[in-house]
Amino acid sequence: MIQAIVFLPLLAALVAGLGQRAIGPFASKLVTTGALFTSCALSWPIFLSFVMGTGEAGVTPVLHWVSSGALQFNWELRVDTLTAVMLVVITTVSALVHLYSWGYMEEDPDQPRFFAYLSLFTFAMLMLVTANNLVQMFFGWEGVGLASYLLIGFWYKKPSANAAAIKAFVVNRVGDLGFMLGIFGTFLVFGTVSIPEILAAAPGMAGSTITFMGMRLDTMTILCLLLFIGAMGKSAQLGLHTWLPDAMEGPTPVSALIHAATMVTAGVFMVCRLSPMFETAPVALGVVTFVGAATCFFAATVGTTQWDIKRVIAYSTCSQLGYMFFAAGVGAYGAAMFHLFTHAFFKALLFLGAGSVIHSMHHEQDMRYYGGLRKHIPITYWAMLMGTLAITGVGIAGVAGFAGFYSKDGILEAAFASGGGGQVAFWVGIFAALLTSFYSWRLVFLTFFGKPRWEQSEHIQHAVHGDHHDHPSDEDAGHDHAHAHHHEAPGDGTAGYHPHESPLSMLIPLIVLSIGAVFAGIVFHHQFIYPEEGMAFWKGSLAFDEHLMHAAHEVPLWVKWMPFTVMAIGLFLAWNSYIRNTSLPAKFVAQFRLLHQFLYNKWYFDELYTILFVKPAFWIGRFFWKKGDEGTIDRFGPDGAAALVAGGTRLAVRLQSGYVYGYAFVMLLGLVGLASWAMVRFL
Amino acid sequence: MSGVPILSLMLAIPTVAAIACLFAGDRNARLIALVATLIDFALGVMLWANFDIGGAQWQFVESAPLFGRFNYALGIDGMALMLIMLSVFLMPLCILASWESITKRVGLYMAMFLIMEVVMIGVFMAQDLLLFYVFFEAGLIPMYFIIGIWGGANRIYAAFKFFLYTLLGSVLMLIAMIAMIREAGTTDIPTLLNYNFPPEMQTWLWLGFFASLAVKMPMWPVHTWLPDAHVQAPTAGSMILAGVLLKLGAYGFIRFMMPMFPEASAQFMWVVFALSMVAVVYTSLVALVQSDMKKLIAYSSVAHMAIVTAGLYALNQQGIEGALIIMLSHGVVSAALFFCVGVIYDRLHTREIDRYGGLAVNMPAYALFFMLFTMASIGLPGTSGFVGEFLSLAGIYEASSTVAFVCTTGIILGAAYMLYLYRRIVFGELTKDDVKAMPDLNPREWAILAPLAAVALWMGVYPESFLAPMRGDVTTVVARLAPAKPAGDAHLAAGKPKPAAAGHGEASGEAHHAGGAQ
């Protein structure tokens, strides 16, 4: 059965991708979507069997892969609780995104290619989570990277999309450098790349030391840190995050599937999968906590200033991934996975909701030109509202709440309970929760409330005046300039435009995900984070710390209420600035111009990297080429030798322009001569 | 192992066909060449099928004394078998690739390619040192003609440079060979492989071989002939140059230098590492700024070959097996990439990257193949490039984590320059009229690209087919090197039995090598 779940998407991708001419676009879409719904239907029983406690972990061999000396690894599919959680997340979101794309991509001429990429991505992601050795995990890791690259650059005619695609791939490769070195080091130390064997042997290596690049280091610390660099790349953590906001160049369903629900969580999955290994390296866990908390804070601050609806959600994703990492860092792997699980539902929902808004607003993505959409697209509005309630963690402690309430509070309580660095992470997390609430409600208020501000949008103007180039590739990253022409408007800010609710194929995924965003927390939180149920549920597939989870439930009452309080403050601030007193944000910006610029420009990471890495790489490359190869090696090498041998340039020129047979003949003669001389002289 | 001298047959068929081509008309010459190379490929498949994995080290042995100590001695082991397979697999594809683009002196051209095939597989079959040398150096001549007669505008300069570089090195190798023969009293390669040369002599012999093989590789800084040769060579010439000729150097490393001079190899390990590290970073950065497609791929070849040399000199099982797989993989993938360049060059007659753009619109099948080979080149798991790169880097890490780190940066830079190339050619808006007029792949081009793609994927998903025949030979080489090989830099030391707080400081307990090679 697991073979069917994993390989059906691959098969569908091949059929749709290679056979699109033969079977046509409709069949291509049907095959891929059908395969995904089948995989999804097969995955839920596996997950539920683990929830019921009847599931059995197991490994299904597929094919021999490589054996080279002691380095041996196979293609095999591992299923345990951790995998089962990922299976349902991946196949559910993927199936819904496939369905959603029927509506969203309707006008696109390249639909079979799009669906083939989506299915290919799902296959790679499934290979990643079913990996039983580090190399197959790396296969999935790179496979999702490829699919992400292809999908970000799906509208390949747009230069910005191409640039974003390359950036995503190359930045991820920086992380992969760490991952690969981590695998090599792990193999060197343990003599195997099989994950269960490594995890079993890891405690025995605690305290040992190893030389790495001339430094004497604690073995487990350096191995875990190298692997974590890989996780940082894939999960867009601070420093290697720059690709994620740019990845929004891809079609919105892609952002929902890859850049919110599944691929970017692969790093969290990896840390949880290897959690027994990380548990032996306290220093590495400290780094994980720190990086997670820093990302959580950084991305939340940037999220408050962005105008592009997708970028706000992208930074929000980045920030939520930070939560997951610091949960893992403090040892609350169950909570990290729980947040991954709920986040997949509500973040996919938010992205697909945003897609629905963009769809109805004729590909306008700038929230400054939204407003008052509540009445026009009510289902989208309600779905987005559910997503926002879930991400901001609305709920009453001890009673009930939305999905994010359980998972985020679980993380914060565990962080508090772990003490030490965890408490710092707790406060950072609380502050980020305040910002999360602010930017999430800001998004809702700007989009759905207030008066329409559509007339300033170029996209809407195009739609109204009929000169639309009706193609989704017009999705444009933030217009910073005000759009000038808004004549002959009816005066209500609508420019005479009437947004329409999206088709059913897009609304059904929104509704299903809304159900997930509301109930995923309350239904499953016992299994994921409660001490006793957690032990029974995870069955050792990650390092579940029963004591920590106990302590997390015993935290003081104010700790439990803290997230709710800051959520309310964030809500109030957003309401105050975007509904009650709409001139406030401009005043704030005028007052704190520098701070705003710093945040609006994403802490200038891109500019910094361009100066530090991109420009020098090209400059040095040109230098090596012109001054190294041509200016030095050739000049003093062959060209110089030619001139020298021939006794001057003039002769060299004559020699060079001479007849080609001449040289060949000389060569042949020389060869024969040398060989004969050798034979006569010595043999 | 029937009585049929299959190796001699594989040499004889292209030789006869080459002579026939010289006297045939254009059409017939193409056909003769294609049939001859296909027969050789079929013989190669038979060879592989009958090769006894785990059997004798040298199989299909043939020997006939000529004069003096000079023997006509042929025989193959697993490594040679795989490289022969690579050659006979690429050859018919090269002939097909030249089918339409070569219109001048077709008979001579085909004859040159067939002679090229003879000398290439001769190099891998030779069991006599002097026979090896003759084949090894004779490979220059047809290549020299191919560049010099059918090359681009600046072909004379390129051919001249090619000649100067390679000749200089080979003289030194010949001197080293003569010294070896005098010392050991035999030209028989299997005997020489087990002869223990005195260590101080090994140093000089190693340097002599290195001078020639480093040029052939090519290693930095003697690599500058390669970009020029590629740029000027016709498409099929580039395919065979990158596909097989570049492997001769590495073959020489593992066939001669490492098993025959183990002490010297261990002694000079860091020379090879240093040059390889420079090459990976240096040539990758140079590749990034190229505006000529062929130059870019040529520089990327230098970077890939640097990982081969570093992998070989890791002196352990993973490093060497990985290096061998890179050689096979690069042979297939770079030949495919040069053909991809040839496909569009035939249509637009320029190698200037900026002249293209938006090919995904009118050439979707081409875009797909090109993407596959791009990914194989940057080592995406599931393609051939990954297996080789991964194994060799794992081996290098065992020898030195620093070298592994520097070499692994190649995966970042490689992704950058290949994707940047792909973007400029295939993606973007299709605006130029002449580019718009380019038709997608024709059946002949499909017939070339499809087998290359199949092999690139096969090698990535199930490399065991290729690793199995070579495993025993690599083990032999590793065993031969084992006494001389220095320990890796990891120095894993166990911690205190129950550390109170995971100790960072001084390592206690005896160093023991967990994992490790072999």
Side-chain angles (χ1 to χ4, degrees), chain A residues 63-64 66 68-71 138-139 142 146 153 156-157 162 166 169-170 173-174 176-177 180-181 184 187-191 206-214 218-219 282 617-618 620-622 624-625 629 633-634 637-638 641-642 656-657 660 663-664 667-668 671 674-675 678-679 682-683, chain B residues 68-70 134 137 141 144-145 148 156-157 160-161 163-164 174 178 181-182 221 224 282 285-286 288-289 317-318 321 360 380-382 387 391 394 397-398 401-402 404-405 408 411-412 415-416 419 423 427 429 463-464 489-496 499 502-504 507 514-515 517-518:
Chain A
L63 187 70
H64 180 67
V66 169
S68 171
L71 181 54
F138 191 70
F139 166 83
E142 293 275 282
L146 168 69
Y156 56 77
K157 292 178 186 169
N162 290 326
I166 293 183
F169 200 96
V170 173
R173 277 258 157 159
V174 177
D176 293 346
L177 169 76
M180 273 182 101
L181 290 175
F184 300 150
F187 169 66
L188 184 72
V189 170
F190 294 101
S208 65
T209 56
I210 196 167
T211 302
F212 177 74
M213 293 177 69
D218 180 65
T219 310
F618 279 88
I620 295 170
R622 211 161 283 124
F624 280 159
W625 180 30
D629 271 18
I633 298 174
D634 278 355
Q656 284 181 32
S657 57
V660 65
Y663 300 126
M667 265 164 89
L668 192 62
L671 192 65
L674 282 169
M679 278 178 282
F682 293 111
L683 306 178
Chain B
R69 284 196 192 125
F70 191 37
V134 170
E137 294 306 334
I141 296 165
Y144 184 75
F145 273 112
I156 305 292
Y157 175 70
F160 180 67
K161 208 165 169 182
F163 162 78
L164 252 185
L174 184 69
I178 291 166
I181 296 166
R182 286 187 71 180
T224 60
Y282 181 111
L285 287 171
V286 174
L288 195 61
V289 296
Q317 190 91 15
Q318 289 82 29
E321 286 189 348
L380 192 83
V387 179
L391 286 179
Y397 190 100
E398 285 165 37
S401 48
T402 312
F405 173 79
T408 312
I411 70 167
I412 305 170
L419 294 179
R423 169 193 171 179
F427 289 153
E429 200 83 59
E464 181 64 14
D489 76 341
H491 307 302
L492 181 67
K496 297 180 181 76
H504 276 275
Q518 300 107 46

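- Side-chain contact between A:Asp629 and B:Tyr282: present, with at least one pair of heavy atoms (C-beta onward) separated by less than 4.5 Å.
- We find the CZ-CD distance between A:Phe184 and B:Glu398 to be 10.0 Å, quoted to the nearest 0.5 Å.
- Side-chain contact check for A:Phe212 versus B:Tyr397: some heavy-atom pair is nearer than 4.5 Å.
- Looking at A:Leu177, both its backbone and its side chain come within 4.5 Å of chain B, counting heavy atoms on both sides.
- Between the CG atom in A:Asp176 and the OG1 atom in B:Thr408 there is a gap of 11.0 Å [rounded to 0.5 Å].
- Atom CD1 of residue A:Ile210 and atom OG of residue B:Ser401 lie 8.0 Å apart, to the nearest 0.5 angstrom.
- For the atom pair OG (A:Ser68) and CD (B:Gln317), the distance works out to 5.5 Å, reported to the nearest 0.5 Å.
- Between chain B and the options A:Gly214, A:Gly153, A:Ala617, the largest number of non-hydrogen pairs under 4.5 Å is found for A:Ala617.
- When all heavy atoms of A:Asn162 and B:Arg423 are compared, the pair lying nearest together is CB-NE, 3.6 Å.
- Counting heavy-atom pairs under 4.5 Å between each of A:Thr219, A:Val174, A:Ile620 and chain B puts A:Val174 at the top.
- In this structure, the side chains of B:Leu492 and A:Ser208 come closer than 4.5 Å at one or more pairs of heavy atoms.
- Once rounded to the nearest 0.5 Å, the distance linking CD1 of B:Ile411 with CD of A:Glu142 reads 6.5 Å.
- Contact record, B:Ala394 with A:Leu71: CB-CD2, 4.0 Å, taken as the closest heavy-atom pair.
- The line from CG of B:Leu380 to CZ of A:Phe139 is 7.5 Å long, rounded to the nearest 0.5 Å.
- Counting heavy-atom pairs under 4.5 Å between each of A:Phe169, A:Tyr156, A:Phe138, A:Phe618 and chain B puts A:Tyr156 at the top.
- In this structure, chain A has heavy atoms under 4.5 Å from both the backbone and the side chain of B:Glu464.
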